[in-house]
Amino acid sequence: MGGAGTQGSAGAVGFRDRLERCDGFVICSPEYNFSTPGLLKNAIDLVSRFRPQPFNEKMGLLMSASPSMAGGNRGLWALRVPFEHLGARVYPDMFSLARAHEAFAENGKLRDEHLQQWFEDTIANFMDLVESTKHYPCVKRAWIEFLGEQADAVVTRVE
Ligand SMILES: Cc1cc2nc3c(=O)[nH]c(=O)nc-3n(C[C@H](O)[C@H](O)[C@H](O)COP(=O)(O)O)c2cc1C
């Protein structure tokens, strides 16, 4: 993928296509300098230029892992901002795995049973919400970039 002006690249088209086929998405990301890694932000920026804008009304779950005690959680808060703007329904709970380099057992599960259960519950609860939203869509959003935006085809982000 290139810069945000090259949204027609194969990588961006593939990402857009995958988003269109799913009811919800899960992002698992490291934290770079207390924020979102540039590569991930660039991927989001690229697909955000397609119309219809693929993140709008999509359910999203955010997860992170890091060797630090914060588990990359600050990066997820930074990630919420563009997703909220793009109309994604970002799930309130997040999962951030601290001390990730020593968190896993040989069988691939987390050594801490309670943490493993929390991880599984977070995903199951998110999937329940995705499923119910698919069958009972009750919230529709009139997406506008900022109050005062004019309904001008050149500047508007309204779909
Ligand atoms: C440029 C850079 C910045 C980083 N900043 C953070 C940070 O703010 N917080 C953190 O917990 N880890 C930070 N890390 C460590 C990453 O959490 C760790 O490298 C990650 O698990 C590995 O992912 P990667 O292979 O995609 O870099 C940083 C790593 C890099 C390369």
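Both counts, for ligands and for their atoms, begin at 1 and track the order of listing.
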For residues Met127 and Leu61: do they belong to one hydrophobic cluster (side chain heavy atoms under 4.5 Å, members Ile, Leu, Val, Met, Phe, Trp, Tyr)? yes

Cluster question for you: counting only ILVMFWY and a side-chain heavy-atom cut-off of under 4.5 Å, with indirect links fine, are Ile27 and Leu129 together? no

Which residues pass the salt bridge (charged side-chain N to carboxylate O under 4.0 Å, His left out) test with Glu120, not counting sequence neighbours? Lys109

Sequence neighbours excluded, the answer for ring-ring contact (aromatic ring centres under 6.0 Å, His included) partners of Phe126 is Tyr91

Between Asp45 and Arg49, is the salt bridge (charged side-chain N to carboxylate O under 4.0 Å, His left out) condition met? List the steps. CA-CA 7 Å; Asp45 292 343; Arg49 308 308 289 177; over 6 Å; no

First-shell residues of ligand 1 [heavy atom, distance under 4.0 Å]: Pro30, Glu31, Tyr32, Asn33, Phe34, Ser66, Pro67, Ser68

Quick one: list whatever passes ring-ring contact (aromatic ring centres under 6.0 Å, His included) with Trp118, sequence neighbours left out. Phe95

